[in-house]
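In what follows, a single structure is set out as C-alpha coordinates and then discussed.
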Amino acid sequence: LVAFLAPKVGAGEATLALKSIARTDDFEAIQALLASGADPLAGEALSSALLDATSAKQVAAVTEMLKHIDDKQAPKVQFT
(Lines give C-alpha, C1' and ligand atoms only; values in the text may rest on other atoms or scores of the structure.)
Protein backbone atom coordinates (compact mmCIF):
# COMPACT_ATOMS: atom_id res chain seq x y z
CA LEU A 1 0.00 0.00 0.00
CA VAL A 2 2.79 2.44 0.88
CA ALA A 3 4.57 1.67 -2.39
CA PHE A 4 1.36 2.61 -4.22
CA LEU A 5 0.70 5.79 -2.22
CA ALA A 6 4.27 7.10 -1.84
CA PRO A 7 4.57 8.63 -5.32
CA LYS A 8 1.29 10.49 -4.76
CA VAL A 9 2.29 12.32 -1.57
CA GLY A 10 4.60 15.28 -1.13
CA ALA A 11 8.09 14.97 0.30
CA GLY A 12 6.90 16.33 3.66
CA GLU A 13 4.29 13.63 4.09
CA ALA A 14 6.72 10.99 2.84
CA THR A 15 9.28 12.14 5.41
CA LEU A 16 6.72 11.84 8.22
CA ALA A 17 5.72 8.39 7.00
CA LEU A 18 9.37 7.32 6.79
CA LYS A 19 9.98 8.47 10.36
CA SER A 20 6.97 6.47 11.54
CA ILE A 21 8.14 3.19 9.94
CA ALA A 22 11.92 3.55 10.25
CA ARG A 23 12.09 1.06 13.15
CA THR A 24 10.16 -1.61 11.24
CA ASP A 25 11.39 -4.21 8.78
CA ASP A 26 9.12 -2.94 5.97
CA PHE A 27 12.01 -2.44 3.56
CA GLU A 28 9.83 -2.04 0.46
CA ALA A 29 7.87 0.79 2.06
CA ILE A 30 11.10 2.47 3.16
CA GLN A 31 12.46 2.25 -0.39
CA ALA A 32 9.23 3.66 -1.84
CA LEU A 33 9.19 6.59 0.58
CA LEU A 34 12.84 7.41 -0.08
CA ALA A 35 12.21 7.25 -3.84
CA SER A 36 9.35 9.73 -3.41
CA GLY A 37 11.63 12.25 -1.72
CA ALA A 38 11.46 11.45 2.00
CA ASP A 39 14.32 13.01 3.94
CA PRO A 40 15.95 10.43 6.25
CA LEU A 41 17.68 13.21 8.22
CA ALA A 42 14.63 15.38 8.91
CA GLY A 43 13.81 15.88 12.56
CA GLU A 44 14.77 17.96 15.55
CA ALA A 45 18.10 17.62 17.34
CA LEU A 46 19.05 13.94 17.48
CA SER A 47 15.85 12.73 15.88
CA SER A 48 15.52 11.33 12.36
CA ALA A 49 14.38 8.26 10.49
CA LEU A 50 18.04 7.33 10.00
CA LEU A 51 18.74 7.41 13.74
CA ASP A 52 15.53 5.48 14.48
CA ALA A 53 16.48 2.75 12.00
CA THR A 54 20.00 2.64 13.41
CA SER A 55 18.82 2.22 17.00
CA ALA A 56 16.43 -0.53 15.88
CA LYS A 57 19.32 -2.31 14.11
CA GLN A 58 17.56 -2.21 10.73
CA VAL A 59 20.75 -2.57 8.69
CA ALA A 60 19.05 -2.78 5.28
CA ALA A 61 17.00 0.34 5.99
CA VAL A 62 20.05 2.28 7.22
CA THR A 63 22.03 1.25 4.14
CA GLU A 64 19.20 2.35 1.84
CA MET A 65 18.75 5.67 3.66
CA LEU A 66 22.46 6.42 3.39
CA LYS A 67 22.16 6.13 -0.39
CA HIS A 68 19.74 9.09 -0.29
CA ILE A 69 21.95 11.40 1.79
CA ASP A 70 24.27 13.74 -0.07
CA ASP A 71 26.22 15.06 2.93
CA LYS A 72 27.74 12.00 4.55
CA GLN A 73 29.50 14.34 7.01
CA ALA A 74 26.24 15.73 8.43
CA PRO A 75 26.09 15.48 12.24
CA LYS A 76 23.14 13.06 12.19
CA VAL A 77 25.04 10.76 9.84
CA GLN A 78 28.16 10.89 11.98
CA PHE A 79 26.11 9.99 15.07
CA THR A 80 25.03 6.72 13.48
Side-chain angles (χ1 to χ4, degrees):
L1 178 63
V2 173
F4 173 75
L5 294 175
K8 296 168 179 43
V9 299
E13 291 95 355
T15 297
L16 291 174
L18 180 65
K19 177 90 169 91
S20 70
I21 67 165
R23 293 180 172 270
T24 72
D25 62 354
D26 192 347
F27 186 66
E28 289 180 15
I30 289 170
Q31 283 182 309
L33 290 167
L34 289 166
S36 70
D39 181 359
L41 294 181
E44 297 180 26
L46 292 177
S47 171
S48 70
L50 177 64
L51 294 174
D52 287 351
T54 301
S55 67
K57 297 181 172 86
Q58 296 295 334
V59 176
V62 170
T63 302
E64 188 65 22
M65 288 182 199
L66 287 171
K67 293 177 187 177
H68 293 267
I69 297 171
D70 292 329
D71 182 8
K72 303 292 192 281
Q73 300 300 317
K76 290 183 182 179
V77 175
Q78 295 301 310
F79 187 72
T80 61

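With rounding to the nearest 0.5 angstrom, the NZ atom of K19 is 3.5 Å from the OG atom of S47. Distance check, rounded to the nearest 0.5 Å: NE2 of H68 to CG of L66 gives 10.0 Å. Q58 contributes atom CD, which lies 10.0 Å from atom CG of D26 (distance to the nearest 0.5 angstrom). Between atom CG of residue D39 and atom CG of residue L33 there is a gap of 12.5 Å, rounded to the nearest 0.5 Å. Between the CG atom in L34 and the CG atom in L18 there is a gap of 5.0 Å [rounded to 0.5 Å].
For K67, the salt bridge (Lys or Arg N to Asp or Glu O under 4.0 Å) partners are E64, not counting sequence neighbours.
With hydrogens and angles disregarded, no donor-acceptor distance shorter than 3.5 Å links the side chain of S48 to the backbone of G43. Between the side chain of Q78 and the backbone N or O of K72 there is at least one donor-acceptor pair closer than 3.5 Å.
When each of L51, D52, L50 is paired with M65, the side chain to side chain contact (heavy atoms under 4.5 Å, CB included) condition holds for L50 and for no other. The side chain to side chain contact (heavy atoms under 4.5 Å, CB included) test with T54 singles out one residue from V62, V77, V59, and that residue is V62.
Nearest heavy atom pair, residue A61 against residue A53, reads CB-CB, 4.2 Å. Closest approach of T15 to A42, counting heavy atoms only: CG2-CB, 3.4 Å.
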